[in-house]
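Residue indices begin at 1 and follow the sequence shown. Side chains are part of it too, since the values below use all heavy atoms of this structure and drop only hydrogens, waters and symmetry mates.
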Amino acid sequence: MNFTGISNLSGFKPGAADAELNSIEAALGVTLPTAYRELMRYSNGALLDNGVSIYSVDDLVERNTTYEVLEYCPGFLLVGDDSGGRGFLIDLKDDAGRIYGSGLGDLDPSEFVTIASTLQDWVDLGLSV
């Protein structure tokens, strides 16, 4: 992935190790899309000035368990939020990482709104909402 779209933004943490990413897959029983693994290797979470929070490895399992994401919307992973009640989900079946937005109170995939066709497109937009 090309990270120039976010390289000038503040709020990023140092990248996650492959062992940490593997632990997410094992804990949740999912396979992370390649594009998402690359983003997490770049930064293990972030809180940007625009309020977008990209969950760290430590938060991913907890948030997906708390919101029962795998039960209510199998095939998706909650990867962040806008600090205002809307979550960002990645399509686990799409290796390029299509990103959707949804209110965290109703995680019905039929109500999801496409934020970006690929994770790279979202990065190119500066992870904007």
Side-chain angles (χ1 to χ4, degrees):
M1 281 186 66
N2 179 341
F3 296 107
T4 57
I6 57 174
S7 62
N8 63 338
L9 301 177
S10 61
F12 290 95
K13 299 176 184 176
D18 282 329
E20 293 174 293
L21 299 173
N22 294 342
S23 72
I24 292 169
E25 291 179 326
L28 295 174
V30 301
T31 300
L32 300 174
T34 301
Y36 182 67
R37 287 182 75 92
E38 289 179 36
L39 175 63
M40 292 300 288
R41 284 185 197 117
Y42 176 79
S43 177
N44 184 4
L47 179 57
L48 306 179
D49 291 339
N50 64 2
V52 169
S53 174
I54 303 299
Y55 300 147
S56 68
V57 167
D58 293 335
D59 294 332
L60 269 168
V61 173
E62 183 273 326
R63 299 289 166 89
N64 280 275
T65 301
T66 298
Y67 287 108
E68 301 176 286
V69 173
L70 298 177
E71 178 182 337
Y72 290 108
C73 43
F76 293 91
L77 185 71
L78 183 64
V79 296
D81 64 58
D82 69 354
S83 300
R86 185 169 83 165
F88 302 112
L89 299 106
I90 193 165
D91 185 342
L92 293 171
K93 300 174 295 299
D94 181 355
D95 216 37
R98 182 178 294 264
I99 300 292
Y100 295 91
S102 175
L104 291 170
D106 181 20
L107 292 173
D108 178 354
S110 69
E111 304 283 326
F112 289 1
V113 175
T114 301
I115 300 295
S117 297
T118 67
L119 186 57
Q120 182 67 63
D121 288 346
W122 199 33
V123 165
D124 292 346
L125 293 171
L127 302 174
S128 63
V129 295

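When the salt bridge (Lys or Arg N to Asp or Glu O under 4.0 Å) test is applied to Asp91, the partners found at least two apart in sequence or on another chain are Lys93. Under the rule for a salt bridge (Lys or Arg N to Asp or Glu O under 4.0 Å), Glu62 has no partner lying at least two apart in sequence or in another chain. Partners of Asp108 by salt bridge (Lys or Arg N to Asp or Glu O under 4.0 Å), not counting sequence neighbours: none found. Partners of Asp81 according to the salt bridge (Lys or Arg N to Asp or Glu O under 4.0 Å) rule, which considers only residues two or more places apart in sequence or in another chain, are Arg63. For Tyr72, the ring-ring contact (aromatic ring centres under 6.0 Å, His included) criterion is met by no residue, not counting sequence neighbours. For the side-chain contact (heavy atoms from CB on, under 4.5 Å) test, residues two or more places apart in sequence or in another chain that qualify with Leu47 are Ser53, Ser83.
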**OP:** Could you please spell out the steps behind the side-chain contact (heavy atoms from CB on, under 4.5 Å) verdict for Asp49 and Ser10?
**Re:** CA-CA 7 Å; Asp49 291 339; Ser10 61; 3.7 Å; yes
Subject >> Worked check of side-chain contact (heavy atoms from CB on, under 4.5 Å) between Lys13 and Val57 >> reply: CA-CA 11 Å; Lys13 299 176 184 176; Val57 167; over 6 Å; no
Subject >> Residue pair Tyr100, Phe88: steps toward the ring-ring contact (aromatic ring centres under 6.0 Å, His included) verdict >> reply: CA-CA 6 Å; Tyr100 295 91; Phe88 302 112; over 10 Å; no
Subject >> Full working for side-chain contact (heavy atoms from CB on, under 4.5 Å) between Phe112 and Cys73 >> reply: CA-CA 10 Å; Phe112 289 1; Cys73 43; 4.0 Å; yes
Original post:
After noting the C-alpha distance and the side-chain angles of Arg41 and Leu21, does the key distance pass the side-chain contact (heavy atoms from CB on, under 4.5 Å) rule?
Top reply: CA-CA 9 Å; Arg41 284 185 197 117; Leu21 299 173; 4.1 Å; yes
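The two residues Ala116 and Asp121 have their closest heavy-atom pair at CB-CB, 4.0 Å. Across all their heavy atoms, Trp122 and Ser128 have their closest contact at NE1-O, 2.9 Å. Of all the heavy atoms in Leu28 and Thr65, the pair that sits closest is CD2-OG1, 4.4 Å. The heavy-atom pair separating Arg37 from Asn22 by the smallest distance is NH2-OD1, 3.1 Å. The minimum heavy-atom distance between Leu70 and Phe76, with the atom names listed, is CD2-O, 3.8 Å.
How far CG of Asp124 is from OG1 of Thr4: 6.5 Å, rounded to the nearest 0.5 Å. Distance check, rounded to the nearest 0.5 Å: CZ of Arg98 to CG of Leu92 gives 14.0 Å. In this structure, OH on Tyr55 lies 4.5 Å from CG on Leu78, to the nearest 0.5 angstrom. Interatomic distance, CG of Leu60 versus CG of Leu32, reported as 8.0 Å (0.5 Å rounding). Rounded to the nearest 0.5 Å, atoms CG (Leu48) and CG (Asp82) are 12.0 Å apart.
Ser56 and Asn44 share no donor-acceptor pair across their side chains, judged by distance under 3.5 Å alone.
The side-chain heavy atoms of Leu104 and Arg86, taken from C-beta on, include no pair separated by under 4.5 Å. Contact check for Pro14 versus Tyr42: no side-chain heavy atoms found under the 4.5 Å cut-off. Counting only heavy atoms from C-beta outward, the side chains of Asn64 and Thr66 never approach each other to under 4.5 Å. In this structure the side chain of Phe3 reaches within 4.5 angstrom of the side chain of Leu39, judged on heavy atoms.
Residue Leu89 forms a side chain to side chain contact (heavy atoms under 4.5 Å, CB included) with just one option from Ile99, Leu77, Val79, Leu107, and that option is Leu107.
Checking side-chain atoms of Glu111 against main-chain N and O of Asp106 turns up no donor-acceptor pair under 3.5 Å. Counting only distance, with no hydrogens or angles, the side chain of Ser43 and the backbone of Met40 share no donor-acceptor pair below 3.5 Å. Proximity of a side-chain donor or acceptor of Gln120 to a complementary backbone N or O of Ala96 within less than 3.5 Å is not detected. Side-chain atoms of Glu20 come within 3.5 Å of backbone atoms of Ala17 as a donor-acceptor pair (strictly under, hydrogens ignored).
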